[in-house]
Amino acid sequence: MKIKGVGFVAIPGEMTAARERYSLLLTALAPVVPQIIGSAFNIWYNTTVIQPLLVSPSLKQRFSDMVVVYNSVVYPVGVLLWLRRIFSFRGLFHRLCAASAIDSASLARARRRLIHLPWFAAAICGVAWFLCIPVFIGALLQVQNPLDPRLLWHLPISFCVSGFIAVTHSFFLVELASHWGLFPVFFRGERADLTPGVFTLSLRGRGILWAVSASICPIASLLLLMFAPRSPAINAEWFAVFVGVIGIAFGIFTALMMSWLVAKPIDQLRAASDAVSRGDLDVELGPAAAGRADEFGRLLGEFDHHGSRTQR
């Protein structure tokens, strides 16, 4: 007897069909929502704080031109790099779904790239967002030198907060999407945590990312604004309310993602331990371990391995 809810002994036909149809698309679209939310915060900040500090028409024009040029050049490059990486899995993915023969070297390379996919998404987002700081400041310095000190404070604040929001949530969403759709196909019958030459995010690392997205970003923006020179356009009370709401929303959203990434494997291990304590050794966690390359995958896999040895 298998323990329901502990492992995925068999993938239902509907789930298999859904994975084959939507896995690549869902993973490709995973970073889109964090970018939209980060951009919304950035646009709001630039409209209410940055624009009033651009006192001359030439500064306003240069800032507007840079927004158009930067978004027209850097972000299409990032999207192209991301889609190219996603499409690199397509051929192998469909061959694995069809149970075709795959050479081991190609499969091993694809598995390493898949495990590192959240890092790749975070790197693209980070470069696109944080490169804004020197590019925009340098462009404005060409028009006016020196700049208003308030601009040298508020521009980095704007891009850093927006960038951290986009980077952290892109990482989590890409990880969730790939765990749901791609890992069960690429690691069917294999343990992802045993893949050599990979670097995964630890539980401590997840906690740090959680703190950055849900706490450090909103709180740091408020603290930096306290030390930054005052802008006449800032209503401190309403800005505090806005940042607080953003912090609460991201805290809840991040907690939901963490519950899937952290709480679910813990529930699986607890259910398996309860079954073993009742004398039921017919517990299978191997398929669940195949979908994780981090320490949870290692725990699930080792539990399953020792359970099989005990049965023998």
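Here the structure is a predicted model, which means the values were calculated and not measured. Numbers here simply count residues along the sequence, with the first being 1.
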Which atom pair, heavy atoms only, marks the closest approach of [X] to [Y]?
| X | Y | result |
| --- | --- | --- |
| Thr195 | Val198 | O-CG2, 3.3 Å |
| Ala122 | Phe171 | CB-CD1, 4.1 Å |
| Tyr70 | Val127 | OH-O, 4.0 Å |
| Phe89 | Ala110 | CE2-O, 3.3 Å |
| Gly197 | Arg112 | O-CD, 3.9 Å |
| His179 | Pro184 | O-CD, 3.3 Å |

In Å, rounded to the nearest 0.5 Å, how long is the span from [atom1] of [X] to [atom2] of [Y]?
| X | Y | atom1 | atom2 | value |
| --- | --- | --- | --- | --- |
| Arg95 | Phe93 | CZ | CZ | 13.5 Å |
| Ser106 | Arg111 | OG | CZ | 11.5 Å |
| Asn71 | Met66 | CG | CE | 9.5 Å |
| Ile133 | Ser158 | CD1 | OG | 9.0 Å |
| Ile86 | Leu26 | CD1 | CG | 10.0 Å |
| Ile50 | Phe63 | CD1 | CZ | 6.0 Å |

Single-linkage hydrophobic cluster, 4.5 Å side-chain cutoff, [X] and [Y] together:
| X | Y | result |
| --- | --- | --- |
| Ile43 | Val135 | no |
| Leu29 | Leu117 | no |
| Val32 | Val174 | no |
| Ile36 | Leu173 | no |
| Leu131 | Leu151 | yes |

### Task
Under the side chain to side chain donor-acceptor pair (under 3.5 Å) rule, what do Gln144 and Ser58 come out as? Steps first, then yes or no, please.
CA-CA 9 Å; Gln144 177 182 311; Ser58 57; over 6 Å; no
### Task
Walk me through it: do Ile37 and Val33 pass the test side chain to side chain contact (heavy atoms under 4.5 Å, CB included)?
CA-CA 6 Å; Ile37 296 175; Val33 173; 3.8 Å; yes
### Message
side chain to side chain contact (heavy atoms under 4.5 Å, CB included), that's the test. Do Val185 and Ser23 meet it? Break it down for me.
### Response
CA-CA 10 Å; Val185 174; Ser23 292; 5.8 Å; no
Judged by atom type as modelled, is there a donor-acceptor pair below 3.5 Å linking the side chain of [X] to the main-chain atoms of [Y]?
| X | Y | result |
| --- | --- | --- |
| Lys60 | Val55 | no |
| Ser178 | Glu175 | yes |
| Trp82 | Ala28 | yes |

### Task
Specify whether His169 and Phe172 have parallel, tilted or perpendicular ring planes, treating 30° as the upper limit for parallel and 60° as the lower limit for perpendicular.
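If you compare the ring of His169 with that of Phe172, the planes turn out perpendicular.
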Taking C-beta and beyond as the side chain, do [X] and [Y] meet within less than 4.5 Å on heavy atoms?
| X | Y | answer |
| --- | --- | --- |
| Ile115 | Phe187 | yes |
| Leu53 | Leu147 | no |
| Leu107 | Leu96 | yes |
| Tyr75 | Trp129 | yes |
| Tyr45 | Val161 | no |
| Thr27 | Leu24 | no |
| Arg150 | Trp153 | no |
| Ile137 | Pro156 | yes |

### Task
Verify side chain to side chain contact (heavy atoms under 4.5 Å, CB included) between Leu80 and Val77, making sure each step is shown before the conclusion.
CA-CA 5 Å; Leu80 181 62; Val77 171; 5.7 Å; no
### Query
Is NZ or CZ of Arg85 both nearer than 6.0 Å to the six-membered ring centre of Phe120 and within 45° of the ring axis?
yes
### Query
Given Leu140 and Leu54, is the side chain to side chain contact (heavy atoms under 4.5 Å, CB included) satisfied, shown in steps?
CA-CA 9 Å; Leu140 294 178; Leu54 303 172; 4.3 Å; yes
### Task
Take Phe41 and Phe159, measure what ring-ring contact (aromatic ring centres under 6.0 Å, His included) needs, and give me the verdict at the end.
CA-CA 9 Å; Phe41 181 90; Phe159 292 126; over 10 Å; no
### Task
Please step through side chain to side chain donor-acceptor pair (under 3.5 Å) for the pair Asn42 and Ser39, ending with a clear verdict.
CA-CA 5 Å; Asn42 186 254; Ser39 297; over 6 Å; no
